[in-house]
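Below: one structure, written as structure tokens.
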Amino acid sequence: MSLAKWTAGLMAGMSMLAIAAQADAGEVRVTVAEYSAKTAPYFADVKKEFEAANPGITVKFEVVPWDVLLQKLTTDITAGTNADLSIIGTRWLIDFVQQDVAEPLDGYIKPDFKDRFIDTFLSPSIMDGKTYGLPIAASARAMYYNKELFEKAGIAKPPATWTELQDDARKIKALGSGTFGFGLQGKEIETDVYYYYAMWSQGTEILNKDGTSGLSTPGALEAAKLYKSMIDEGLTEPGVTSNNREDVQNLFKQGKVGMMITAPFLSNQIKDEAPNLKYGVAAIPAGPTGARGTYGVTDSIIMFKNSKNKDEAWKLLDFLFTTEQRAKFTQGEGFLPVNKEEAKMDYYVNNADLAAFTALLPDARFAPVIPGWEEVAQITSDAMQKIYLGGDPEAGLKDAAAKANAVLKK
Amino acid sequence: MQNRFLPYLLTLPSLLLAAVVIFWPVWDLIQISTHDVSRFGQLRDFNDFANFAALAADPDFTAALWRTGQWTVMVVGGALLLSIPVAMILNTDFYGRGIARVIIMLPWAVSLTMTAVVWRWALSGESGMLNSALIGLGLIDHNIQWLASAETAFPMQVLIGILVTVPFTTTIFLGGLSSIPDDLYEAAALEGATPLQQFREITFPLLKPFINIAIVLNTIYVFNSFPIIWVMTQGGPANSTDILVTHLYKLAFRIGKLGEASAVSLVMFAILLVFTMIYVRLAMREQRT
């Protein structure tokens, strides 16, 4: 190849880089998480409708699998090539705010806009009195139970306490034929959360009032002992540490698991994949004092401080949070409504599954808003895996609490 | 054109290219690892190698370092031991050799991540193919939870590592074998050499440069290999199957400690560099004598 051709090729490459780095005026780039196969088609429709209604603005959605979202954002922000808007886990928001990459939205939010939201879901995105994100997705956890297995085992109603849950699990185990009482998640994302359900019912919180880790409290130990005894007694599925949330959900869909705790989207999956499965949704069991807790999660959509098209980006946000758009997205993905008008729609009011979830919302805990939260969660998951594999609960929790406190002190 | 500088001039372009794609990132890593660094990679103050000190004090890092050694030695060693006979068989002329070669090479054509995903399913405790096959054959009477603990998960990961390394290694050896002239074997056979003697005196010595290349390339490749372990266990349960590269990924993108992650990356780079230099030297000295 001649030198001229090389130079030409190099120049072409350079100019492409230059084009990529420089966003067009009036273009809004949005990084969105792929929640399911329905996410990308939904945002493709949004692009069509929004661009038709707003000539001069083009929208570019980058749909990223949830697992690599934080990695992509980290590298994009480091390189300064981040989009104008992005969906993030609300538990990451504090990092974004502290590093000064998130733009406060208060200048754009009119009272009637703010009034569209249910407070429980908007409040996690507010920090130091400023709104940095809008809840694009909201979810909570409740207990699914297999009605057919319950009937066969002679159980009349879903367990109200963990003691009842253990009894029910024994009855289901006694049915034999490869059925397991309680599906226990022991791998990957939210392994720690699965443990918190038992911990919250003991009245223990993730953080004590003085800001130290709750893992060294007696309640935390009781909860760990409860799960460990259920594993030892064979009341859970075997190989707990090889099953992530999807694995346990699959066992539930196959009718092999009597009870499990997970998010509303399992109802949508069952409708598609196992329509004949007879199941119910109930509250998470309570502890001896009647305490109980579910995990509330929101994902927020944020605007980046370095965005060059903030007004256009806001127009898109305004569009995304209209009742009609919200309903389409939330119902497709199987989330909970964050919008007051939307929550009044027949779809939600007449849905028994979702009613069970919304009834639990007063008991919902959101991930604590502290820097280093991901590391504390990782420490907790690791500790639980060791205990599930046969480690001593007391020593394991003590060790984890010490590690977590070291992170929390920073 | 017998200019003494000509060779240097001719290698200059590739050297420049290497500088851009290799030295620049390494320089960046050095910067990040020796400074206090924000969640999103903004550099702050120089921090007296605190990131490296944090690594040395972290038992998870030392465990991952040791496990990376085991992983590399077992996968590279296993692949070599398996590939030599496979290559020798594929080098002989037999009916259906073309198909046999394709079958051996096929795992190479599938993406590593895809292979790992398929194996993750196959090793699933309740609905995995491997358990149903073993039960069907009457070898076990209850399901084995392959990925539930490191005792079973890590050996399986090593086996899969070997499986996906064999095609590449076999290709190198096939190239080596076809460069050995047939008359050597004919002469040896005339002199009454047994097949074992032929292997020890002809095949193995002449294959040695190719074995060296296979060792160096595979070591670099396996040492840095991410998908198999990440897809199957994410280094878990409780970090018990972590190797350096999965440990690094968690540090950087789960927990957000970019400084420590860059330090791990530099340690890995240094280990590979030292290994390659020592090994290439040893191999070249051997060839000279």
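Quick note: numbers below take in every heavy atom, side chains included, and nothing from hydrogens, waters or symmetry partners. Order of the sequence lines fixes the chain letters, A, B, ..., with proteins taken first and strands second; residue numbering starts at 1 for each chain.
With values rounded to the nearest 0.5 angstrom, Asp247(A) atom CG is found 9.0 Å from Leu147(B) atom CG. Rounding to the nearest 0.5 Å gives a distance of 7.0 Å between CD1 of Ile379(A) and CD1 of Ile255(B).
Minimum heavy-atom separation, Leu70(A) to Arg254(B): CD2-O, 4.4 Å. The nearest pair of heavy atoms linking Gly236(B) to Gln385(A) is CA-OE1, 4.5 Å. Across Gly239(A) and Ala148(B), no two heavy atoms sit closer than the pair CA-CB, 3.8 Å. The two atoms that bring Gln99(A) and Ser38(B) nearest to each other are OE1-CB, 3.1 Å, heavy atoms only.
Using a 4.5 Å heavy-atom cutoff, the side chains of Glu126(B) and Glu237(A) are not in contact.
The candidate with the highest count of non-hydrogen atom pairs below 4.5 Å against chain B, out of Asn244(A), Leu73(A), Leu251(A), Asp76(A), is Asn244(A). For the options Glu374(A), Gln98(A), Lys187(A), heavy-atom pairs under 4.5 Å to chain B are most numerous at Lys187(A).
Residue Glu394(A) places its CD atom among 12 or fewer non-hydrogen atoms of other residues, nucleotides or ligands, all under 6.0 Å distant. Within 6.0 Å of CG on Asp232(A) lie more than 12 heavy atoms contributed by other residues, nucleotides or ligands. Crowding of Tyr221(B) atom OH: a count of heavy atoms from other residues, nucleotides or ligands under 6.0 Å not exceeding 12. Within 6.0 Å of the CH2 atom in Trp119(B), the count of heavy atoms belonging to other residues, nucleotides or ligands does not exceed 12.
Residue Asn250(A) does not touch chain B at all, counting heavy-atom pairs closer than 4.5 Å. When heavy atoms are compared at a cutoff of 4.5 Å, Phe96(A) approaches chain B by way of both its backbone and its side chain. Only the side chain of Val101(A) comes within contact range of chain B, judged by heavy atoms closer than 4.5 Å. In this structure, chain B has a heavy atom under 4.5 Å from the side chain of Gln378(A), while its backbone stays farther away. Contact annotation for Lys386(A): both backbone and side-chain heavy atoms come within less than 4.5 Å of a heavy atom of chain B.
Residues of residues 257-265 of chain B lying within less than 4.5 angstrom of chain A, judged on heavy atoms, are Lys257(B), Leu258(B) in numerical order.
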Side chain to side chain contact (heavy atoms under 4.5 Å, CB included) between Glu151(B) and Leu389(A): does it pass, once the steps are laid out? CA-CA 11 Å; Glu151(B) 284 85 52; Leu389(A) 282 170; over 6 Å; no
If you apply the rule salt bridge (charged side-chain N to carboxylate O under 4.0 Å, His left out), what do you find for Glu246(A) with Arg120(B), and how did you get there? CA-CA 13 Å; Glu246(A) 278 64 41; Arg120(B) 181 182 170 146; over 6 Å; no
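The main-chain N or O of Phe40(B) is never found under 3.5 Å from a side-chain atom of Thr74(A) such that the two would form a donor-acceptor pair.
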